[in-house]
Colleague: 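Sharing a structure here in structure tokens format.
First listed ligand is number 1; within each ligand, the first listed atom is number 1.
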Amino acid sequence: MAERPRSLPIPGVRRAWWLREALLAESQAGGVEPAPPLTGETTADVVIIGGGYTGMWTAYFLSERAPGTRIVLLEQDICGGGPSGRNGGFVHGWWEVLPYLVQRYGPERGLEAAQAADEVVDGIGNWCTQHGVDAWFRKAGYLEAHGFPVAPSGFERTAETTTRLGAPGQLVAWDPDAVQAVCASPAFRDGLFMPSAASIQPARLARGLRRVLLNRGVVIHEGTRVRHMETPASPGINWAPIPGEPAVRVWTDGGVVRAHQAVLAVNAWAAGWPGHRMRLLAWGSYMVVTEPIPDRLAALGWTGGELLSDTRFTISYFRTTRDGRIAFGAGVGAAGLGGRIGGTYTADRHAVARVVSNFDHLLPMLGDVRFEDAWGGPIDITGHRFPEVGSQDGGRVHYAYGFSGNGAGPSRLAGRVLAALVDDPNDPLARLAFVGARQRILPPEPFRFIGARVIREALIRRDDALDAGRTPGFAVRTISRVPGWMGYRFEH
Ligand SMILES: Cc1cc2nc3c(=O)[nH]c(=O)nc-3n(C[C@H](O)[C@H](O)[C@H](O)COP(=O)(O)OP(=O)(O)OC[C@H]3O[C@@H](n4cnc5c(N)ncnc54)[C@H](O)[C@@H]3O)c2cc1C
């Protein structure tokens with residue numbers, strides 16, 4: 001392995017590579033329609049807070065089911081400026097969490113939820129075709145490659161369990177030869193293949209959604225941070241709703257929206273939102289992208305566009321791009337304090353160094369390859385590492401967050417469910433088992449922050465030991481098990 005150059009890209013100094021690529025393509029295709037900040041007062045049937053996938057899919061499906069609904073969407077940055085425009089682009093549903101869904105909701109309702117989530121992959125692909133959005137959609141499957149030399153993968157059993165629970169063929173155990181045929185690395189052993197998964201250029205999907213919404217007449221205000229939301233059910237409210245008048249008020253830096261209903265689609269930022277802050281923890285995930293290396297990919301045999309990951313808890317996930325790069329990420333960033341989403345999630349150079357170290361471990365033959373960019377973002381982890389979707393304030397406010405690093409696909413299902421909750425709470429989508437279900441709350445600050453930092457470090461050390469073929473030390477093993485003992489779903 002050639003020696004890695006000392007200098008690595010500095011995260012957080014410019015927008016992520018995906019978003020720069022998408023914005024360039026957008027301006028070459030005729031420019032970006034502006035979406036000016038909100039100033040003054042306006043009214044809407046529905047106000048949506050957050051211009052990521054969840055908020056934009058909600059607006060899209062609402063405009064489908066109830067044309068003519070006046071929708072105002074507020075985004076503090078630009079649409080897709082958050083994780084939706086800088087994630088790994090792994091699109092899949094919930095087959096890997098089917099055992100959790102069945103355990104929590106029973107065999108029929110658990111399977112029904114996973115089947116509903118299965119729609120997202122072809123749904124996104126077909127949507128892109130229908131709306132002329134070139135988001136580099138490619139359905140080539142997702143291969144989890146076991147990287148630990150000594151610990152067994154358990155993949156055969158996982159595949160059998162998925163079959164037994166009613167989803168044969170959705171997760172398939174592969175032997176090491178089949179894994180090597182996809183990408184020849186000495187670090188990979190056996191594998192678990194999910195054929196239904198697809199890759200996308202994440203920012204192109206986000207920006208495509210924005211274009212379609214503007215064309216449909218959705219009013220978007222970018223550069224518009226929401227400071228506060230009030231409904232007649234908010235604590236300390238001393239005004240009564242006037243029948244027929246909008247009963248939700250949303251204050252931004254420069255204006256106010258009065259609406260009949262609101263949708264909270266702020267992802268990790270919900271960790272700082274009243275009423276939700278005990279429900280999730282934000283954790284950093286970081287990515288790097290290489291220079292174009294199509295010949296090196298061909299030498300690895302990795303030309304089929306498959307998504308890859310390893311089996312670390314602080315997962316390394318990697319995929320190729322249309323122009324022959326590798327985009328490689330890992331959940332090795334830190335947890336932040338008290339729901340503040342700041343530099344911890346975007347400017348952590350130590351996390352980037354850890355991502356690169358994982359890259360070198362998994363793809364040692366590429367040690368001389370240059371990295372052209374690095375970036376990070378917050379992922380929103382709940383007690384069960386599963387999204388919370390539901391309604392509050394007497395059905396006037398609807399929310400979805402907590403995708404726990406797997407929202408690129410499921411945010412579409414969340415958008416369909418949120419649109420149903422707004423339009424018709426009796427719709428079958430609004431009655432899926434997970435809708436309204438709450439998970440174990442997290443410890444209060446500062447215990448959450450301290451605990452998360454200690455446990456994260458233990459998990460990384462445990463993964464490093466297993467990667468090196470060692471048994472993790474007693475202290476590391478014990479600390480990594482604490483969340484499970486406390487009733488959180490924090491293990492694979
Ligand atoms: C580095 C990284 C890699 C990832 N890789 C994958 C992957 O490969 N596959 C996968 O499935 N998932 C992945 N994820 C997770 C995925 O990106 C998210 O689950 C998904 O984007 C969630 O979409 P969202 O719309 O709910 O949230 P976001 O995209 O975070 O959108 C929320 C929006 O709300 C806005 N907002 C917040 N507060 C306010 C406010 N007060 N006022 C106005 N606007 C506000 C934010 O600016 C943001 O744009 C990754 C995440 C990261 C960070």
Colleague: For F313, is there any backbone N or O sitting under 3.5 Å from a side-chain donor or acceptor partner on D463?
Modeller: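 Yes, D463 side chain to F313 backbone: donor-acceptor pair under 3.5 Å.
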Colleague: Which atoms of ligand 1 have any heavy atom of G50 under 4.0 Å away?
Modeller: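 Under 4.0 Å from G50, ligand 1 has these atoms: 33 (C), 34 (O), 35 (C).
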Colleague: Using non-hydrogen atoms of the residue, decide whether G81 is closer than 4.0 angstrom to ligand 1.
Modeller: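 Per 4.0 Å heavy-atom rule, G81 does not contact ligand 1.
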Colleague: Is the side chain of T162 donor-acceptor paired with the backbone N or O of L171 at a distance under 3.5 Å, no angle test?
Modeller: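 Checking the backbone N and O of L171 against the side chain of T162, no donor-acceptor pair under 3.5 Å is found.
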Colleague: At a non-hydrogen distance cut-off of under 4.0 Å, which region of W375 contacts ligand 1 (side chain, backbone, both, or neither)?
Modeller: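 It is neither part, as no heavy atom is under 4.0 Å.
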Colleague: Would you call D423-R65 a salt bridge at under 4.0 Å N-O?
Modeller: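 Salt bridge: yes.
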Colleague: If you have a sec, work out which protein heavy atom is nearest atom 9 (N) of ligand 1 and how many Å separate them, to one decimal?
Modeller: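 Protein heavy atom with the smallest distance to atom 9 (N) of ligand 1: F90 O, 2.9 Å.
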Colleague: Quick one: does R210's side chain have a donor or acceptor within less than 3.5 Å of a partner on E33's backbone?
Modeller: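 Present.
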Colleague: Provide, to 0.1 Å, the distance between atom 41 (N) of ligand 1 and the closest protein heavy atom, together with that atom's residue and name.
Modeller: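 Protein heavy atom at minimum distance: V226 O, 3.0 Å.
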Colleague: Identify the closest protein heavy atom to atom 33 (C) of ligand 1: which residue and atom is it, and at what distance?
Modeller: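 Ranked first by proximity to atom 33 (C) of ligand 1 is E75 OE1, 3.5 Å.
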Colleague: At under 4.0 Å between heavy atoms, is it the side chain or the backbone of H92 that contacts ligand 1, or both, or neither?
Modeller: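 Neither; nothing of H92 gets under 4.0 Å from ligand 1.
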Colleague: Taking the six-membered ring of Y53 (Phe, Tyr or Trp), confirm whether the NZ or CZ of R412 is under 6.0 Å from its centre and within 45° of its axis.
Modeller: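 Here R412 fails the 6.0 Å and 45° test against Y53.
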Colleague: Does G407 reach ligand 1 with a nitrogen or oxygen that is under 3.5 Å from one of the ligand's nitrogen or oxygen atoms?
Modeller: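 Between G407 and ligand 1, an N or O pair is found under 3.5 Å apart.
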Colleague: Mind checking whether W127 and H131 have parallel, tilted or perpendicular rings, split at 30° and 60°?
Modeller: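 Taking H131 first and then W127, their aromatic rings sit tilted (interplane angle of 30° to 60°).
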Colleague: Mind checking whether D380 has a heavy atom under 4.0 Å from ligand 1?
Modeller: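 No heavy atom of D380 comes that close to ligand 1.
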Colleague: Could you identify the single nearest non-hydrogen protein atom to atom 31 (O) of ligand 1 and state the distance to 0.1 Å?
Modeller: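 Heavy-atom neighbour on the protein nearest atom 31 (O) of ligand 1: G52 CA, 3.4 Å.
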Colleague: Does only the side chain of A265 get under 4.0 Å from ligand 1, or the backbone, or both, or neither? Count heavy atoms.
Modeller: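 Backbone only.
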Colleague: Looking only at N/O atoms, are N267 and ligand 1 under 3.5 Å apart anywhere?
Modeller: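 Yes: some nitrogen or oxygen of N267 is under 3.5 Å from one in ligand 1.
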Colleague: Which protein heavy atom lies closest to atom 36 (N) of ligand 1, and at what distance to 0.1 Å?
Modeller: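 Result: Q76 NE2, 3.6 Å.
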Colleague: Going by distance only, is there an N or O of R225 that falls short of 3.5 Å from an N or O of ligand 1?
Modeller: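 Such a contact does not occur with ligand 1.
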Colleague: Should the ring pair F318 and F188 be called parallel, tilted or perpendicular, given that the plane angle runs from 0 to 90° and is split at 30 and 60?
Modeller: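 Taking F188 first and then F318, their aromatic rings lie parallel (interplane angle under 30°).
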Colleague: So which protein heavy atom does atom 17 (O) of ligand 1 come closest to, and at what separation?
Modeller: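 The protein heavy atom lying closest is N87 CB, 3.2 Å.
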Colleague: Tell me, please: is G89 in heavy-atom contact with ligand 1, that is, under 4.0 Å?
Modeller: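 Per 4.0 Å heavy-atom rule, G89 contacts ligand 1.
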Colleague: Could you tell me whether some N/O pair between A268 and ligand 1 is separated by less than 3.5 angstrom?
Modeller: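 Looking only at distances, the answer is no, because the N/O contact criterion of under 3.5 Å is not met.
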Colleague: Which heavy atom of the protein is the closest neighbour of atom 3 (C) of ligand 1, given with residue, atom name and distance?
Modeller: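 Of the protein heavy atoms, Y317 OH, 3.1 Å lies nearest.
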Colleague: Tell me which part of I379 gets within contact of ligand 1: side chain, backbone, both or neither, using heavy atoms under 4.0 Å.
Modeller: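 The answer is the side chain.
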Colleague: Other residues, nucleotides and ligands only: do more than 12 of their heavy atoms fall within 6.0 Å of CZ on R340?
Modeller: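 12 or below, so no.
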Colleague: For a side chain to side chain contact (heavy atoms under 4.5 Å, CB included) check, start with the C-alpha distance between V332 and V355, then their side-chain angles and the critical distance, and finish with the verdict.
Modeller: CA-CA 7 Å; V332 291; V355 172; 3.7 Å; yes
Colleague: I need the contact type for F403 against ligand 1. Using non-hydrogen atoms and a strict under-4.0 Å cut-off, is it side chain, backbone, both or neither?
Modeller: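 For F403, only side-chain atoms sit under 4.0 Å from ligand 1.
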Colleague: With heavy atoms of G88 as the reference, note each atom of ligand 1 found under 4.0 Å away.
Modeller: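 Selected atoms, number and element: 3 (C), 4 (C), 5 (N), 6 (C), 7 (C), 8 (O).
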Colleague: Number the atoms of ligand 1 from 1 as they appear, then name those within less than 4.0 Å of a heavy atom of N406, with their elements.
Modeller: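 Counting from 1, the qualifying ligand atoms are 10 (C), 11 (O), 12 (N).
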Colleague: For atom 15 (C) of ligand 1, which candidate among A327, A16, C79, G405 provides the closest heavy atom?
Modeller: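 It is G405 that holds the nearest heavy atom.
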Colleague: Above 12 or not: heavy atoms from other molecules or residues under 6.0 Å from CZ of R70?
Modeller: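 Enclosed: over 12 neighbouring heavy atoms sit under 6.0 Å from CZ of R70.
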Colleague: Can an N or O of W269 be found at a distance shorter than 3.5 Å from an N or O of ligand 1?
Modeller: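 No, no N or O pair falls under 3.5 Å.
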Colleague: Ignoring hydrogens and angles, tell me if any N or O in the side chain of R396 forms a donor-acceptor pair with the backbone of Q261 under 3.5 Å.
Modeller: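 No, the answer is negative, given that no donor and acceptor are paired below the 3.5 Å cut-off.
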Colleague: Under 3.5 Å, is there a donor-acceptor pair between the side chain of R489 and the main chain of H384?
Modeller: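 Indeed, once roles are kept as given, a pair shorter than 3.5 Å links the two residues.
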Colleague: Are F434 and Y105 close enough that their ring centers fall under 6.0 Å?
Modeller: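 Not under 6.0 Å, so no.
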Colleague: Which one of G85, S84, A270, P387 has a non-hydrogen atom at the shortest distance from atom 29 (O) of ligand 1?
Modeller: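 When every heavy atom of G85, S84, A270, P387 is considered, S84 comes closest to atom 29 (O) of ligand 1.
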Colleague: If hydrogens are left out, which of S285, G376, P378 has an atom nearest to atom 1 (C) of ligand 1, that is, the closest non-hydrogen atom?
Modeller: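 The residue whose heavy atom sits nearest atom 1 (C) of ligand 1 is S285.
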Colleague: Is it the case that ligand 1 has an N or O less than 3.5 angstrom from some N or O of V266?
Modeller: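 N/O-N/O distance below 3.5 Å does not exist for this pair.
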Colleague: Taking both backbone and side-chain atoms of D77, is any N or O found less than 3.5 Å from an N or O belonging to ligand 1?
Modeller: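 No - when backbone and side-chain N and O of D77 are compared with those of ligand 1, no distance drops under 3.5 Å.
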Colleague: Any donor-acceptor pair under 3.5 Å linking the side chain of Y399 with the backbone of V266?
Modeller: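 Checking the backbone N and O of V266 against the side chain of Y399, no donor-acceptor pair under 3.5 Å is found.
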Colleague: Please work out whether any backbone atom (N, CA, C, O) or any side-chain heavy atom from C-beta onward of Y53 is under 4.0 Å from ligand 1, and answer side chain, backbone, both or neither.
Modeller: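 The part of Y53 near ligand 1 is both the backbone and the side chain.
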Colleague: Donor-acceptor check, side chain of E291 to backbone of R370, threshold 3.5 angstrom: yes or no?
Modeller: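 Flag set: sc E291 to bb R370 pair under 3.5 Å.
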Colleague: Regarding D373 and R86, does a basic nitrogen lie under 4.0 Å from an acidic carboxylate oxygen?
Modeller: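 Answer for the salt bridge query: no.
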Colleague: Quick one: which ligand 1 atoms are inside 4.0 Å of a heavy atom on G377?
Modeller: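 It comes down to these atoms of ligand 1: 53 (C).
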Colleague: Could you tell me whether the side chain of D118 and the main chain of G93 form a donor-acceptor pair under 3.5 Å?
Modeller: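 No.
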Colleague: Got the closest protein heavy atom to atom 26 (O) of ligand 1, with its distance?
Modeller: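 For this ligand atom, the closest protein heavy atom is T54 OG1, 2.7 Å.
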Colleague: Out of W17, F328, W18, F371, which one pairs with V289 under the side chain to side chain contact (heavy atoms under 4.5 Å, CB included) rule?
Modeller: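 In the set W17, F328, W18, F371, the residue that makes a side chain to side chain contact (heavy atoms under 4.5 Å, CB included) with V289 is W17.
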